[in-house]
Amino acid sequence: MTDILSMTPDELTAFVRSIGEKDFRAKQLYQWMQKGAQLYEMTNLPASMREKLEKEAEYRLPKIEAKYVSKIDGTVKYLFSLIDGECVESVFMRYEHGNSLCVSSQAGCRMGCRFCASTLNGKTRDLTASEILGQVIMAQRDTGERVGGVVMMGIGEPLDNYDNAIRFLRLVSHPDGLNIGLRHISLSTCGLVDKIDRLSEENLPITLSISLHASDNETRSALMPVNNKYPLEKLLAACRRYFDKTGRRVSFEYTLIAGKNDSLPQADALAALLKSGMHAVCHVNLILLNEVAETGLSTVGRKNAEAFRDRLEKRGINATIRRRLGSDIDASCGQLRLRHAKANS
Ligand code: SAH
């Protein structure tokens, strides 16, 4: 079956031709799909064409399995189920400059980061481009509001599902489609160096976010097994190449974990690393750990985070503490999927 929602307008035109329909029908179909319409709702398409699509095309949108709305800030968390019953999460966030959606790229994750809920049961499968796009379409349809930005920071490692992630980026930013500006899209990775190099060649002006979480190899390898394959020297060199190639400032995520990576000497080491590796052309996003019971790791207090930030700033590194949205609805990713899987086992 042909997954029509994963197609670009040109590919869809070729497909529509192949089932004996006129080119302009592709445009109509494309517009409907971007709105999340069901086939029977596509009333300007002939019934005979809809029947052909029913038989020859696969067109499925994620289904809202559960939805939680934060009473504090209006953040909406979705648990979506996919065609085979796999579940993923998306988070709809409201900011002054517009709405943003955090999307998942895989069902589960095989990267094994010690602090992360998404990886506890490993990876089940990659999502298709249409399954990633479908999260954006459904969030827009459900909220009735425009999504102006996307962060690929949900469940999964986007660069471990490279082709589908790239296809998603091209689809979601397509001028005839949702038309979300690439400059309003961030992709977060645990640091797959070979894929970062490939990404730098794609001519996609997105923001690359690196999950760093440590400034020395010993600490980072203990938290993130991927560091054994791609240690800090290699990772920073790839980030520098990415910046040189694209001119896009790289952003680094650093989740503060009590007693592991939160000391002031570690802030000094982080500043030194980013100065030598990136000439300080970067931004550090400090994140307060979202505690996941299974990991036994604890968060630091707000005061410690501020001290860590001030230390980085003092050393010439731009840093902010990420605002926590949806704290009353368990909005960080992976926890909902995990609970859902447990409840159904
Ligand atoms: N696989 C990608 C994207 C998904 S994770 C990556 O590793 O970047 C998105 C961000 O949340 C990453 O920076 C990740 O390290 C961080 N994260 C994961 N679990 C967390 C937790 N329990 N508390 C705080 N941040 C967490």
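Atoms within a ligand are numbered from 1 in the order they appear, just like the ligands themselves.
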For [X], the ligand 1 atoms whose distance to one of its heavy atoms is below 4.0 Å:
| X | value |
| --- | --- |
| F115 | 15 (O), 17 (N), 18 (C), 19 (N), 20 (C), 21 (C), 22 (N) |
| H213 | 13 (O), 14 (C), 15 (O) |
| E253 | 10 (C), 12 (C), 13 (O) |
| C190 | 6 (C), 7 (O), 8 (O) |
| T255 | 24 (C), 25 (N) |

Exercise for the section: Look only at interatomic distance and state if G154 has a nitrogen or oxygen under 3.5 Å from any nitrogen or oxygen of ligand 1. Expected result: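 No; every N/O pair is 3.5 Å or more apart.
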Practice task
Consider every N or O of G156 and every N or O of ligand 1, then say whether any pair is closer than 3.5 Å.
Solution key: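 Between G156 and ligand 1, an N or O pair is found under 3.5 Å apart.
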Practice task
Tell me whether the centres of the aromatic rings in F243 and H279 are closer together than 6.0 Å.
Solution key: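 No, the ring centres sit 6.0 Å or more apart.
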Problem - Single hit among D126, N121, T119 for side chain to side chain donor-acceptor pair (under 3.5 Å) with K123 - result: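 By the side chain to side chain donor-acceptor pair (under 3.5 Å) criterion, K123 pairs with just one of D126, N121, T119: D126.
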Handout entry: Presence of salt bridge, D176 and K27, under 4.0 angstrom
Key =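 Judged by the 4.0 Å cut-off on N to carboxylate O distance, K27 and D176 do not form a salt bridge.
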Is it the case that the side chains of [Y] and [X] hold a donor-acceptor pair, with the cut-off being a distance below 3.5 Å and no angle test?
| X | Y | result |
| --- | --- | --- |
| N318 | E313 | no |
| D23 | T13 | no |
| D197 | Y242 | no |

